[in-house]
Colleague: 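Below is the structure I would like to discuss, written out as structure tokens.
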Amino acid sequence: MQPIAPGSTIGILGGGQLGRMLAIAAARLGYRCHIYAPEQDPPASEVAAHTTRAGYTDADAMARFAAACAVVTYEFENIPFEPVAAIAQKVAVRPGVEALRITQDRLFEKTFCNERGVATAPFRAVASVEDLKTAIAELGLPLVLKTRRMGYDGKGQVKLERADQAEAAFTALKSDALIAEGFVAFQRELSVVLARNADGCIVSWGPVENIHRNHILWRTYAPARLSDALRSEAERIAATLAEGLDYVGVLAVELFDCGDRLLVNEMAPRVHNSGHWTLDAAVTSQFEQHIRAICGLPLGSGERLCDAVMENLIGDEIAAWVDLLAEPKTKLHLYGKTEARPGRKMGHVNRLYPLGSLPQP
Ligand code: AMP
């Protein structure tokens, strides 16, 4: 792949904090970014050269945006698929549209994993209450019923403990494109964030451990405490999926650690919250690496320079910003969002520890 030279414009679909941190990394390498987002004041626009403010289904605006960019990427997977597939006829979209199609639908995603020999929770497609009852009979209880598309941070999912909850659970999700998954009694949640370039070269930052509060990622511990065997199994799984998708860019694979085996929960075809620690504790951050991969540049090293705990600042936790800055080995990242609504990711901190002295979660 011919490298895209610094000075070129990188298009980013989506204007949230991930787009913002991608644009900052791109600027350090001499690129300009063009943000495409429907919101009024997207956090990414403050640090980017251009913004198109339009809906994703506005075909004219999307075509003009594509014509102005050397390459287009996306910072979230819940963008309507068709408009992205349309601009991919005109400009390179990386990661590709097939990765987007598969990862934006939980049914396609889990089917894809199983077809490649990667284990997930057992699942069934659910389009009716009858389907759900069959899934309960086949998978047992408890189970988790989820919308196939658009779910995030625990939204669009219900846990069923009893068969008589089927009707209420089905109605609550207001959709007939659902997936029922067997409930996994996992010990911990892990993720592997890696980058793959067009030559098939893969650089991973290694498995990390994620702790959620109210279904939102709270802390990431890098590295995860894992046996060598499970560590290499996690890496192998993530690499298998990246190769299967012929992936270019940064990919996150979320895993359930069940003690003796790992199950994939989901993939994110983008930079990921559990990779934010790489900004301060790795040779190459996930944001820089994504820019390198999509521009056809050599990938940087993913070596960890120190151990780190990333903590998200959610809602009014951002009020502690001065105290956080006073912590000597803590790096603060704020996203420039003005309104601190409950559950909103306002920023994060990376607390740094010497290699081998990570505190216990
Ligand atoms: P998801 O949106 O699929 O990432 O789910 C959000 C969170 O719900 C996960 O991080 C898990 O903590 C939990 N969860 C999701 N699916 C399952 C499952 N099949 N079994 C147990 N817990 C689950």
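Both counts, for ligands and for their atoms, begin at 1 and track the order of listing. Numbering starts at 1 and runs along the sequence shown.
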Colleague: Sort out the contact shell of ligand 1: every protein residue with a heavy-atom distance below 4.0 Å, listed by chain and number.
Modeller: Arg106, Val144, Lys146, Gln157, Glu181, Gly182, Phe183, Val184, Phe186, Glu189, His212, Glu254, Phe256, Asn265, Glu266
Colleague: Using residues 246-253 as the side-chain source, report each donor-acceptor pair under 3.5 Å to any protein atom, sequence neighbours left out, with the distance given to one decimal.
Modeller:
unit_1, atom_1, unit_2, atom_2, d
Asp246, OD1, Arg196, NH1, 3.2
Tyr247, OH, Val250, O, 2.6
Tyr247, OH, Pro269, O, 3.2
Tyr247, OH, Arg270, N, 3.3

Colleague: If you take the centroid of each ring, where Trp contributes its six-membered ring, are Phe65 and His50 closer together than 6.0 Å?
Modeller: no
Colleague: Would you list the pairs meeting salt bridge (Lys or Arg N to Asp or Glu O under 4.0 Å) in which at least one residue belongs to residues 349-361, sequence neighbours left out?
Modeller: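 Applying salt bridge (Lys or Arg N to Asp or Glu O under 4.0 Å) to every pair that reaches into residues 349-361, excluding sequence neighbours, yields Glu311-Arg351, Glu327-Arg351.
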Colleague: May I ask you to decide whether Arg188 forms a salt bridge with Glu254, counting only side-chain N to carboxylate O separations under 4.0 Å?
Modeller: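 The answer is no: the pair does not qualify as a salt bridge.
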Colleague: Is it the case that over 12 heavy atoms from other parts of the model lie below 6.0 angstrom from the CZ atom of Arg231?
Modeller: yes
Colleague: Quick one: salt bridge (Lys or Arg N to Asp or Glu O under 4.0 Å) pairs with a partner in residues 169-186, sequence neighbours left out?
Modeller: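 Non-adjacent pairs meeting salt bridge (Lys or Arg N to Asp or Glu O under 4.0 Å): Lys110-Glu181, Lys146-Glu181.
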